There are 2 protein chains.
Amino acid sequence: MTIPGPQVLLVEDEPQMRRFLRVALESGGYRYLEAASGQEGLTLAVQHRPDVILLDLGLPDMDGLDLMTRLREWSRVPVIVISARGQETDKVGALDVGADDYLTKPFGTGELLARIRVALRHADPGTAEDPRFTLGRWQVDLAKRQVLVEGREIHLTPLEYRLFTTLIRHAGKVVTHRQLLKEVWGGVAGAQPLYLRVYMAQLRHKLEEDPSRPRYLQTEPGVGYRLKTED
Amino acid sequence: MTIPGPQVLLVEDEPQMRRFLRVALESGGYRYLEAASGQEGLTLAVQHRPDVILLDLGLPDMDGLDLMTRLREWSRVPVIVISARGQETDKVGALDVGADDYLTKPFGTGELLARIRVALRHADPGTAEDPRFTLGRWQVDLAKRQVLVEGREIHLTPLEYRLFTTLIRHAGKVVTHRQLLKEVWGGVAGAQPLYLRVYMAQLRHKLEEDPSRPRYLQTEPGVGYRLKTED
DNA sequence: GAACGCCGTTAAGAATGCGTTAGGAATCCG
DNA sequence: CGGATTCCTAACGCATTCTTAACGGCGTTC
């Protein structure tokens, strides 16, 4: 399965150029949206909130700079201007009304895609919500290195956390003693299976409702441990 | 008199080009800083924290892409590459290791200045919007470089401020010792975890209500520190 | 039913990491 | 050049974390 990529809106009146860019963008993994006029471009921008806009300045119905100005009244979506006009005054004008980049035709698709990546990088720092691993009463935010049990934060020591996240990475599957020792203790010589018993007990105390009868942190006798996912 | 403008660091080995750009930048209202080699460029970046870096890829002592990579280990300062090489692979390579823009020589000063304005706009997420960070009794105005605790202004030394804002930028997340040392001390060789203990103690004394039991500036033993956000 | 293997639990000492203080070096600024 | 600020470094005590050992329960085997 593919995660739907960022959405790109192309505002361009020439059908030939649209076809060309559509292929480039879709094969680059982006969701594609197009408008043949400035009006349509504004409408689509409102409706779909694209992640990047590619804007041709030479539109039939309205001036590209006007479109930029109208757009910037309510949105800061990155705009990459693509234009046949390479005059410096054109570039400066577009950049100063809020465009983020200016590409002069003709340009290579490689460069275009690279500049789109830059634009997305700029926009990203706000939109990124941390992915969370959720199981029963537990919520684990791997980016924050934070473990919540029923919304309350639980403190785990470095080894506890590594053991827990190792089980999470292999959620549902049995992880052997040997593998756990390797991944958590990093192949240090003295690592013994005894450590696992001690730390699993600590984890159960901190995380399980009834530590003596664990619901998720299960033992596979003679083999290893596993984090049970379904119930 | 003029308010000191943003500071621009130029990394460029050709004296002629340096003279040309110096005039352009200073008459454009920017504070100007120059380095003739990659090493010097990195050093000046650490010491002066420029607002924008103009980087010529053709340096005598080190590859421009290496410089980008080293820089991006601890800083997100906008970098505009200026290069005589206009090949698409060069552009894509530079943009993908973290450059924000790529200008091919020769270029006009008007365009350069406009692209610098774009870069500054990105770095400062909107002068129209709050560059302010609020948490509990604290108010941080990142634009003014001002920290208020219950409305009273608290003076932080440069390193204290950098450490604090680094934690703010990763608010909620654990920032490892290594990462903090890189971002605050700029990857200088002698940086030791001891520094962090000393400066965290100072920050807590200046900012926390009960420095011995910090509410926000929390320690993650064996890992790093974190600015706890209430959620 | 005793012996054994495997696991969970607890606790205590060892090792490590952390907070704190303070003094001297380095730097900045007038 | 002198004073003030800021930074670096070392030392010490305390807290946390890791390691290790001892003991008891449970099931299986002989």
Side-chain angles (χ1 to χ4, degrees), chain A residues 145 147 153-164 166-167 174-178 180-181 183-226, chain B residues 4 43-44 46-49 145 147 153-164 166-167 174-178 180-181 184-226:
Chain A
R145 197 192 180 280
V147 179
E153 185 170 353
I154 300 294
H155 174 74
L156 298 184
T157 72
L159 283 181
E160 287 166 1
Y161 184 78
R162 276 161 76 180
L163 177 56
F164 188 39
T166 301
L167 290 172
V174 177
V175 190
T176 64
H177 297 133
R178 181 192 305 254
L180 281 173
L181 288 169
E183 294 196 30
V184 177
W185 273 262
V188 177
Q192 302 170 35
L194 167 63
Y195 299 173
L196 292 177
R197 296 208 297 275
V198 173
Y199 276 87
M200 284 304 294
Q202 289 176 0
L203 273 185
R204 284 172 178 147
H205 257 96
K206 290 186 173 181
L207 302 176
E208 288 277 2
E209 203 155 10
D210 180 357
S212 61
R213 265 176 308 159
R215 184 167 172 189
Y216 300 110
L217 294 169
Q218 297 201 329
T219 303
E220 295 288 332
V223 186
Y225 294 89
R226 87 179 221 256
Chain B
T43 307
L44 288 181
V46 170
Q47 288 175 349
H48 291 83
R49 308 291 169 131
R145 198 197 175 280
V147 180
E153 181 167 0
I154 299 293
H155 172 73
L156 297 184
T157 72
L159 280 182
E160 287 166 1
Y161 184 76
R162 270 190 222 159
L163 177 56
F164 189 38
T166 301
L167 289 172
V174 174
V175 191
T176 63
H177 298 131
R178 181 193 309 247
L180 282 173
L181 288 170
V184 177
W185 274 263
V188 177
Q192 301 170 34
L194 168 62
Y195 301 174
L196 293 177
R197 297 207 298 270
V198 173
Y199 276 86
M200 284 302 296
Q202 289 176 0
L203 273 185
R204 284 174 178 147
H205 260 95
K206 290 186 174 182
L207 303 176
E208 288 277 2
E209 202 156 9
D210 180 357
S212 61
R213 265 180 313 154
R215 183 168 172 190
Y216 299 110
L217 294 169
Q218 295 201 330
T219 302
E220 292 288 332
V223 186
Y225 293 90
R226 128 157 83 203

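Because the structure is predicted, anything quoted here is derived from the model rather than measured. Naming convention: chains lettered A, B, ... in sequence-line order (proteins, then strands); numbering from 1 in each chain.
- Listed pair B:Thr219 / C:dG19 meets the phosphate criterion, a side-chain N or O lying under 4.0 Å from OP1 or OP2.
- Between A:Lys206 and A:Thr157 the shortest side-chain heavy-atom distance falls below 4.5 Å.
- Contact between the side-chain N/O atoms of A:Arg204 and the OP1/OP2 oxygens of C:dG8 is found at a separation under 4.0 Å.
- In this structure, B:Leu203 atom CG and C:dT20 atom P are separated by 12 Å, rounded to whole Å.
- Rounded to whole Å, atom P of C:dG19 lies 11 Å from atom CG of B:Leu217.
- If you check C:dC7, D:dA21, C:dG19 against the side chain of A:Leu194, the one that comes closest is D:dA21.
- Atom CG of B:Leu181 and atom P of D:dC8 are 11 Å apart (whole Å).
- Atom P of nucleotide C:dC18 and atom CG of B:Leu180 are separated by 12 Å, given to the nearest angstrom.
- Within the 4.5 Å cutoff, the side chain of B:Val184 has no heavy atoms near those of the B:Tyr195 side chain.
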Protein within reach of the bases, or only the backbone? For nucleotides 23-30 of chain C, mark each nucleotide 5' to 3' as B, S or -, using heavy atoms under 4.0 Å. --------

Please enumerate all protein N or O atoms sitting under 3.5 Å from an N or O of nucleotides 15-19 of chain D, with distances to 0.1 Å.
residue	atom	partner	partner atom	Å
D:dT17	OP1	A:His155	NE2	2.7
D:dC18	OP1	A:Leu159	N	3.2
D:dC18	OP2	A:Thr157	OG1	2.7
D:dC18	OP2	A:Tyr199	OH	3.4
D:dC18	O5'	A:Tyr199	OH	3.3
D:dT19	OP2	A:Trp185	NE1	2.9

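- Atom-to-atom distance recorded for B:Leu180:CG and B:Tyr199:OH is 14.0 Å, nearest 0.5 angstrom.
- Using a 4.5 Å cut-off on side-chain heavy atoms (C-beta onward), A:Leu167 and A:Met200 make contact.
- What separates CG of B:Leu196 from C1' of D:dC7 is a distance of 14 Å, to the nearest Å.
- Between B:His205 and C:dG19 there is no side-chain polar atom (N or O) within less than 4.0 angstrom of OP1 or OP2.
- Residues meeting the salt bridge (Lys or Arg N to Asp or Glu O under 4.0 Å) test with A:Arg204, sequence neighbours left out: none.
- B:Tyr161 is linked by a ring-ring contact (aromatic ring centres under 6.0 Å, His included) to nothing, counting only residues two or more places apart in sequence or in another chain.
- The distance from atom CZ of B:Arg197 to atom P of C:dA22 is 17 Å, rounded to the nearest whole Å.
- With sequence neighbours excluded, the residues forming a salt bridge (Lys or Arg N to Asp or Glu O under 4.0 Å) with A:Glu153 are B:Arg226, B:Lys228, listed by chain and number.
- Partners of B:Tyr216 under the ring-ring contact (aromatic ring centres under 6.0 Å, His included) rule, at least two apart in sequence or in another chain, are B:Trp138.
- Using a 4.0 Å heavy-atom distance criterion, A:Tyr161 is classed as making no nucleic acid contact.
- No side-chain donor-acceptor contact under 3.5 Å links B:Glu208 to the backbone of B:Arg213.
- If you take NE2 of B:His177 and C1' of C:dG19, they are 12 Å apart, rounded to a whole angstrom.
- If you measure from atom CE of B:Met200 to atom P of C:dG17, you get 18 Å, rounded to the nearest angstrom.
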